[in-house]
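What follows is a set of notes on a single structure, which appears directly below.
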Amino acid sequence: MDKENIRIVFMGTSEISSYVLEKLISNKFNIVGVVSQPDKEVGRKKIITPTPCKLIANKYGIPCFQPIRIKKEFEFIKDLNCDIIVTFAYGQIIPQELLDMPSIGSINLHGSILPKYRGAAPVQWALINGEIKTGVTLMEMTYKMDAGRMYAKKYVDISVEDNATTLFEKIKKCASDVILEYLPLYADGKLKGEEQDEAKVSFARMIKSEDEKLSLDYNSSTFVNWIRGLSDVPGGYLLLDNQKLIIYKAKISDQNFSGKIGEIVNADKNSLTIALKDGCVDILELKLQGKNRCDYKSFVNGHKNLKGKILS
RNA sequence: CGCGGAGUAGAGCAGUCUGGUAGCUCGUCGGGCCCAUAACCCGGAGGUCGGUGGUUCAAAUCCGCCCUCCGCAA
């Protein structure tokens, strides 16, 4: 089947979904409709901000639907007479009746190599758990989250320099490669797929606001991995003199100062180092509540008497 | 008008309460020392103190309004 003749509905919300959406459009796939989360109030000023996917839909004149509850509000998709629904980071559970609507089927791009890391935050959890590779899985959508047959997988390497921002960049490029390559094959029924091994399933739950408070009980590598998984947004933090100190970038220290857990054991032009139970961590980029993000040298420069303070 | 913090040299900060010549550290530039250096020493450049109106002999500082950034709440 020529891809121009396949009627596709794309469901997505975030920036990474919008990247994939635009790739599909520029590669001549026939997107007949976009479904995205409702526009939300953003920031202190509560400015109503359109989702990135909506912006792409508008740019290309594709109708965009933003139901508050897709579970109850999806009849409009019938009128689109679509053949395939493609979802990527949409953000709502899609009812079975809607999944069954397209003539060919409904598929999802997921930011991990399934069956590992089913759920809302696979990219973050891969970093937090210190994985050295992850990837994208193209799969059948079922009502049970991320549990359907797997049609294609593509791996990406995770470097020690990666954080959530950079890994999302890799994942979105990988996801667009996967969908551009496999969508035509799927449409022609050439992908037989593979069941997920339920014994190997793991979950990547949503990151909660409590998770942003870094724990001093972590060992140094876990501590650094949490920072990688939380950066650049929302960022993990500790408290310094009861003020939020967001840490964007850190690494396991080469040096081994002795000190109490959470103590700033060095603060000079060479490093800003805190002690943990199994070693030390150098803080590289940070932001104090009310201030701007800066590197550790600038921070140390303007804040005297840091050494010996205890972070909590 | 949701609550709070902040805006001073390229960067991070002090000075504001108590008005009186613009300050610290880092960076940068020049010089010196050294086998050498991101180390050390000497010197220089760089700021209409977020904007605007007011009070005053005099405003970074006190008062009014506005803009921007950040944390919280949503």
Side-chain angles (χ1 to χ4, degrees), chain A residues 13-15 36-55 66-71 73 89-93 120-121 124 128 160-161 163-166 168 205-216 218 223-224 226-257 262-275 280-312:
Chain A
T13 298
S14 64
E15 194 275 333
S36 196
Q37 292 271 45
D39 296 342
K40 284 195 304 184
E41 295 176 343
V42 171
R44 265 176 295 277
K45 292 183 175 175
K46 302 189 178 180
I47 296 166
I48 302 286
T49 308
T51 71
C53 282
K54 180 185 183 177
L55 291 176
Q66 299 176 282
I68 296 166
R69 300 282 301 149
I70 191 74
K71 206 168 179 176
E73 202 185 334
Y90 169 53
Q92 290 193 40
I93 303 280
Q124 290 91 330
I128 292 165
V160 291
E161 294 293 326
N163 64 14
T165 300
T166 61
F168 268 121
R205 64 166 173 80
M206 207 179 316
I207 300 290
K208 297 180 288 190
S209 56
E210 300 94 275
D211 296 322
E212 296 165 25
K213 175 73 196 293
L214 298 167
S215 170
L216 292 167
Y218 297 139
F223 187 85
V224 169
W226 267 99
I227 290 166
R228 294 166 69 212
L230 292 171
S231 290
D232 299 291
V233 281
Y237 70 93
L238 289 171
L239 295 176
L240 171 66
D241 296 334
N242 257 334
Q243 289 195 301
K244 205 168 182 175
L245 184 75
I246 300 174
I247 303 172
Y248 294 101
K249 193 175 178 188
K251 69 175 178 67
I252 296 171
S253 181
D254 304 328
Q255 306 166 91
N256 208 339
F257 301 97
E263 181 177 349
I264 296 174
V265 288
N266 194 58
D268 59 24
K269 67 177 75 170
N270 298 311
S271 74
L272 174 59
T273 306
I274 64 171
C280 295
V281 170
D282 291 338
I283 295 171
L284 301 174
E285 284 180 38
L286 68 168
K287 173 165 71 182
L288 189 61
Q289 167 180 332
K291 296 294 186 177
N292 292 317
R293 178 173 174 166
C294 63
D295 62 24
Y296 77 90
K297 282 185 186 174
S298 294
F299 185 80
V300 169
N301 223 337
H303 295 82
K304 304 305 176 191
N305 305 319
L306 283 172
K307 197 171 175 179
K309 286 199 174 179
I310 310 283
L311 296 169
S312 56

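Remember, predicted model here, so these are calculated numbers, not experimental data.
B:C66 and B:U21 have their P atoms separated by 32 Å, with the value rounded to a whole Å. Rounded to the nearest Å, the gap between the C1' atom of B:G7 and that of B:G44 is 28 Å. One P atom belongs to B:G54, the other to B:G15, and the distance between them is 29 Å to the nearest Å. Comparing B:G23 with B:U52, their P atoms are spaced 23 Å from each other, to the whole Å. Nucleotides B:C33 and B:A58 are separated by 47 Å at their C1' atoms, to the nearest Å. Distance noted for atom P between B:C17 and B:G12: 25 Å (whole Å). A gap of 15 Å separates the P atoms of B:G4 and B:G64, to the nearest Å. For the P atoms, the distance from B:C69 to B:U28 is 30 Å, rounded to whole Å.
When distances run from any side-chain atom of A:His303 to the nucleotides B:G71, B:C13, B:U25, the shortest one goes to B:C13. Among the nucleotides B:G71, B:A39, B:A6, the one closest to the side chain of A:Lys269 is B:A39. Checked against B:C13, B:U25, B:G71, the side chain of A:Gln289 finds its nearest nucleotide in B:G71. In this structure, the nucleotide among B:G71, B:C69, B:U25 sitting nearest to the side chain of A:Asn292 is B:C69. Nearest to the side-chain atoms of A:Lys291 among the listed nucleotides B:G12, B:G71, B:C13 stands B:C13. If you check B:U25, B:C70, B:A11 against the side chain of A:Ser298, the one that comes closest is B:A11. Checking B:G71, B:A11, B:A6 against the side-chain heavy atoms of A:Ile246 singles out B:G71 as nearest.
For the residue pair A:Ser298/A:Asp295, the side-chain donor-acceptor check at 3.5 Å is satisfied.
Checked against A:Glu285 for a salt bridge (Lys or Arg N to Asp or Glu O under 4.0 Å), the options A:Lys251, A:Arg293, A:Lys297 give a single hit: A:Arg293. When the options A:Val300, A:Ile227, A:Ile247 are evaluated for a side chain to side chain contact (heavy atoms under 4.5 Å, CB included) with A:Ile283, the one that passes is A:Ile247.
The side-chain heavy atoms of A:Gln92 and A:Gln37, taken from C-beta on, include a pair separated by under 4.5 Å.
Both A:Phe299 and A:Val42 lie near RNA chain B, and the one whose nearest nucleotide falls closer to the 5' end is A:Phe299. Both A:Gln243 and A:Lys304 sit near RNA chain B, but only A:Gln243 has its closest nucleotide nearer the 5' end.
Neither OP1 nor OP2 of B:G27 sits under 4.0 Å from any side-chain N or O of A:Lys297.
Nearest heavy-atom pair, A:Asp241 versus A:Lys309, reported as atom, atom and distance to 0.1 Å: OD2-NZ, 2.8 Å.
The pairing partner recorded for B:U16 is none, the criterion being a Watson-Crick or G-U wobble arrangement whose two distances lie under 3.5 angstrom.
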